[in-house]
Amino acid sequence: MIRLSLLFLCCHPLLIYSQETKWSIETEVDSIMVNELISTLGTRDFVEYSPDRLKEYLSYFHPVHLNSDNHIDFIYSGFVGAESNGIEIYVNKNGSLKLIEEELGVIRTITRRFPDSPITMEFIQYGCCDDPGNYWQQWTIAPKNGDVTIIKTDKYYFMNETLFPEEFNSMVKFKVLNTPYKLRATPEIISGDAFHYHYEQGNLISDYSEGDTGYALASSTDYTGRVWWFVAMDRPQNVGYHVYVNKSWEKWLGWMSSRYLERMN
């Protein structure tokens, strides 16, 4: 039997999740041309009410090449007048911007490996009005026959106060060997009272059962030497204890001790 704790030779430092996005894929273009293109969209309400916010508004537009033509397209990431920020994707159609996707949320990371390769981004939508259930999703933005297509993965939910690793540096399929087995918001055992008001017991998110499956995406070691995995869990066979009951059957992100997790062939 091969345990996941033997699969990795080193553990990586843990960082608290940050909303800051590194826009390394941005294309350098003339600011006058950018302003002319954006002006074809009209003016946002919050800019009309506060004209001094125009510069801020323009900074939310990130020029990129999304398809195979020579026109500059845009990814908008910023304030949209709602509780949450928003993401909007615009394709340049001969000097006019066409909105092809919009969603409330933020971008965690965004990358492009080669000039004409697809763009990959991690999208996060936070729950509205103090709802502790949020979800993570990967978007792939790819050129297709001169246009653009967007492919989205399944949604993976996570609770407020969940710690994210700096990066996902592995993808190992595993199965759970013990019942019940705990999914936690942080890589540590917190028992007793809830560590945050959205929780009912310690840092516990959910119980999983023997035979449940998921993927190990990163690792961390606590002060006792226990190795934890940041995991993306598949939908469970049975619903156990769950803080956020109405999403018990969804896919979830969190931390599990690697002790009773076995690699699958």
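All figures in this text were calculated on a predicted structure; none of them were measured in a lab.
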**Message:** Checking Thr224 now: which residues fulfil side-chain contact (heavy atoms from CB on, under 4.5 Å) with it, not counting sequence neighbours?
**Reply:** Asp222, Arg226
Is it the case that over 12 heavy atoms from other parts of the model lie below 6.0 angstrom from the [atom1] atom of [X]?
| X | atom1 | answer |
| --- | --- | --- |
| Asp130 | CG | yes |
| Tyr197 | OH | yes |
| Asp52 | CG | yes |
| Lys152 | NZ | yes |
| Lys251 | NZ | yes |

Can any side-chain N or O of [X] pair as donor or acceptor with the backbone N or O of [Y] at less than 3.5 Å?
| X | Y | value |
| --- | --- | --- |
| Asn134 | Phe158 | yes |
| Thr40 | Ser96 | no |
| His65 | Ile72 | no |
| Ser258 | Trp229 | no |
| Gln237 | Glu210 | yes |
| Asn178 | Tyr260 | no |

**Request:** Kindly state whether the ring of Tyr181 and the ring of Tyr208 have centres lying under 6.0 angstrom apart.
**Result:** no
Ring-plane angle category for [X] and [Y], please: parallel below 30°, perpendicular beyond 60°, tilted otherwise.
| X | Y | result |
| --- | --- | --- |
| Tyr76 | Tyr60 | perpendicular |
| Tyr57 | Phe61 | perpendicular |
| Tyr135 | Phe123 | tilted |

**Request:** Considering only NZ, NE, NH1 and NH2 on the basic side and carboxylate oxygens on the acidic side, decide whether Glu88 and Arg44 come within less than 4.0 Å.
**Result:** yes
**Message:** Could you check whether Lys175 pairs with Asp234 (Lys NZ or Arg NE/NH1/NH2 to Asp/Glu carboxylate O, under 4.0 Å)?
**Reply:** no
**Prompt:** When you check the side-chain N and O atoms of Glu122 and Thr109, is any donor under 3.5 Å from an acceptor?
**Reply:** yes
**Asked** Under 3.5 Å, is there a donor-acceptor pair linking the side chains of Glu250 and Trp252?
**Response** no
**Asked** Within 45° of the six-membered ring axis of Phe79 and under 6.0 Å from that ring's centre, is NZ or CZ of Arg53 located there?
**Response** yes
